[in-house]
Amino acid sequence: TTSQFRWGILGTGWIAGDFAAALMTMPEAIVHAVGSRSQGGAEAFADKFGIPNRYGSYEALVADEAIDIVHVATPHPFHCEHVLLALQHGKAVLCEKPFTLNAAEAKRVIDYARFRGIFLMEALWGRFVPGQVKLRELLAQNAIGSVQSLIAGFASKKEYDPANRYFNPALGGGALLDVGVYPLNLASMVLGVPSEVHGFAHIGRTGVDEYMGALLKYANGGIASIHASIVTRSPREALITGSEGYIKVHSTLSNPPAVTLGRHGEDEQVFHTAYEGWGFVFEATEVMRCLRKGLTESPVMPLDETLQIMQTMDTLRAQWRLTYPGEKSAFDLP
């Protein structure tokens, strides 16, 4: 068993920075290297975080034999290519959400990782924070009986700029992939695979979904209502109702400071799930736990579930006739 794991950070955006900062608080993690598209970018990032090895290309980063795990933190359309690059060099990979642009790309990288027997996980950090762990515990205890409905939204107002990754189709922009993935992931965790998916979106000036809503139906009778937006704000909460009561997931649903349980005829119980430090620590801990155990995927965020969530997003985009540049063949629009 390895006492420490050496991480390579692929990409130098703000998520890469926050993730590197989180790793630096963990005794079992070493931030060994960073890779950027330019040497200057790598140097600036490495200087800021005190990272010893700086590579001016992603190829040079993944070729570093000392690296155990690569964190892929580039814009959405490049995830597939960069995950494959790291896997081809035998590196375990933690890839930022959304996992890829579409299900075809997701299946490609999952199939390759399984073929090679290499660890791969989507970095949906919300799965691993104490608030969502508590939610799973309550559901496992049947605290609200059989789940009937889930209402969840995630709206985060972004500065309008046609060139930035939120509004630019070439960077996989839009509400669904960027923030819609959070409530969709929660619905998947709570209710499973939907049997029916119906959605609507407002397509903005640049051709991306600025806000969206979806209704999901499940074979077990459950119904989920989802909304997401990049042009307004919302409380970013969730409400789950069941035959015996309800659970409120407080803002933000991806990182809840508290979870409230309300059961018929009983006072509400509030479970405080706030913590000190970086939220990314929990998903990084899971990656290293899995590697120590010789697992090639996480039982908490399994690859089949990542693929199914991607398929749901593809279904929604097909209904909206929304494709990204160069993607036309990725799924057949009806």
Side-chain angles (χ1 to χ4, degrees), residues 9 11 13-26 29 71-73 76 94-99 121-140 143 150-158 165-166 175-191 224-230 232-240 246-261 268-290 298-302 305-306 309 313:
I9 310 290
W14 68 268
I15 287 181
D18 282 359
F19 192 79
L23 288 178
M24 287 179 171
T25 67
M26 306 177 70
H71 175 242
V72 172
H76 311 164
L94 175 67
C95 178
E96 274 308 319
K97 60 84 198 160
F99 191 60
M121 186 179 97
E122 183 177 11
L124 251 146
W125 67 299
R127 275 280 164 123
F128 306 96
V129 299
Q132 285 204 22
V133 173
K134 186 68 198 176
L135 171 60
R136 287 198 296 276
E137 283 173 11
L138 291 170
L139 293 171
L150 177 143
I151 303 168
F154 204 105
S156 178
K157 190 172 171 64
K158 307 299 182 187
R165 73 177 180 88
Y166 300 110
L176 178 67
L177 258 60
D178 202 76
V179 290
V181 66
Y182 288 121
L184 281 171
N185 191 275
L186 191 72
S188 176
M189 190 179 95
V190 173
L191 284 159
S225 170
I226 301 294
H227 70 88
S229 173
I230 52 170
T232 188
R233 285 193 64 209
S234 75
R236 296 189 261 178
E237 295 169 340
L239 175 66
I240 301 155
Y246 59 84
I247 297 170
K248 284 190 282 198
V249 182
H250 295 275
S251 180
T252 64
L253 60 84
S254 59
N255 187 22
V259 175
T260 296
L261 171 66
E268 280 191 342
Q269 270 180 282
V270 181
F271 300 94
H272 295 283
T273 52
Y275 53 86
E276 296 292 316
W278 295 91
F280 288 141
V281 162
F282 301 100
E283 66 178 356
T285 297
E286 172 70 359
V287 173
M288 294 184 283
R289 183 191 75 83
C290 289
S298 163
V300 181
M301 189 68 250
E305 193 177 353
T306 283
I309 294 164
M313 294 204 271

Any W125 side-chain heavy atom under 4.5 Å of Q132 side chain
no

Checking K157 against T232 for the side chain to side chain contact (heavy atoms under 4.5 Å, CB included) test, could you report, in this order, the C-alpha distance in whole Å, the side-chain angles of both residues, the deciding distance, and whether it holds?
CA-CA 4 Å; K157 190 172 171 64; T232 188; 5.6 Å; no

Between L139 and I247, is there a side-chain heavy-atom distance shorter than 4.5 Å?
yes

Measure the spacing between CZ of F99 and OG1 of T306 and express it to the nearest 0.5 Å.
6.0 Å

Gap between atom CG of L94 and atom OG of S298 - 0.5 Å precision
10.0 Å

In the structure I gave you, are the side-chain heavy atoms of F128 and V300 within less than 4.5 Å of one another anywhere?
yes

Residues which pass ring-ring contact (aromatic ring centres under 6.0 Å, His included) with F19, listed by chain and number, not counting sequence neighbours:
W7, H71, F280

What pairs meet the salt bridge (Lys or Arg N to Asp or Glu O under 4.0 Å) rule with one or both residues in residues 177-187, with sequence neighbours excluded?
R165-D178

Main chain of P257, side chain of T273: is a donor-acceptor contact present, judged purely on distance under 3.5 Å?
yes

Can you name the residues that form a salt bridge (Lys or Arg N to Asp or Glu O under 4.0 Å) with R127, not counting sequence neighbours?
E305

Taking the side chain as everything from C-beta on, heavy atoms only, tell me whether Y182 gets closer than 4.5 Å to L124.
yes

N185 side, atom CG; I309 side, atom CD1 - distance, nearest 0.5 Å
4.0 Å

Has S251 got a side-chain atom pairing as donor or acceptor with P235's backbone, closer than 3.5 angstrom?
yes

Suppose we screen for ring-ring contact (aromatic ring centres under 6.0 Å, His included). Which residues come up paired with F282, at least two apart in sequence or across chains?
Y275

Does Q269 use its side chain to pair, donor to acceptor, with the backbone of V259 at less than 3.5 Å?
no

How many angstroms lie between CE in M189 and CG in L150, if you round to the nearest 0.5 Å?
9.5 Å

Straight-line distance of M121 CE to M301 CE, nearest 0.5 Å:
8.5 Å

Check whether any side-chain heavy atom of S234 lies under 4.5 Å from a side-chain heavy atom of H227, and answer yes or no.
yes

Please report the shortest heavy-atom distance between A73 and A16, naming the atom on each side.
CB-CB, 3.9 Å

For R289, all residues meeting salt bridge (Lys or Arg N to Asp or Glu O under 4.0 Å), sequence neighbours excluded:
E286

I'd like to check the salt bridge (Lys or Arg N to Asp or Glu O under 4.0 Å) partners of E237; sequence neighbours left out, ordered by chain and number.
none

Can you measure from CD (E96) to CD (E283) and round to the nearest 0.5 angstrom?
6.0 Å

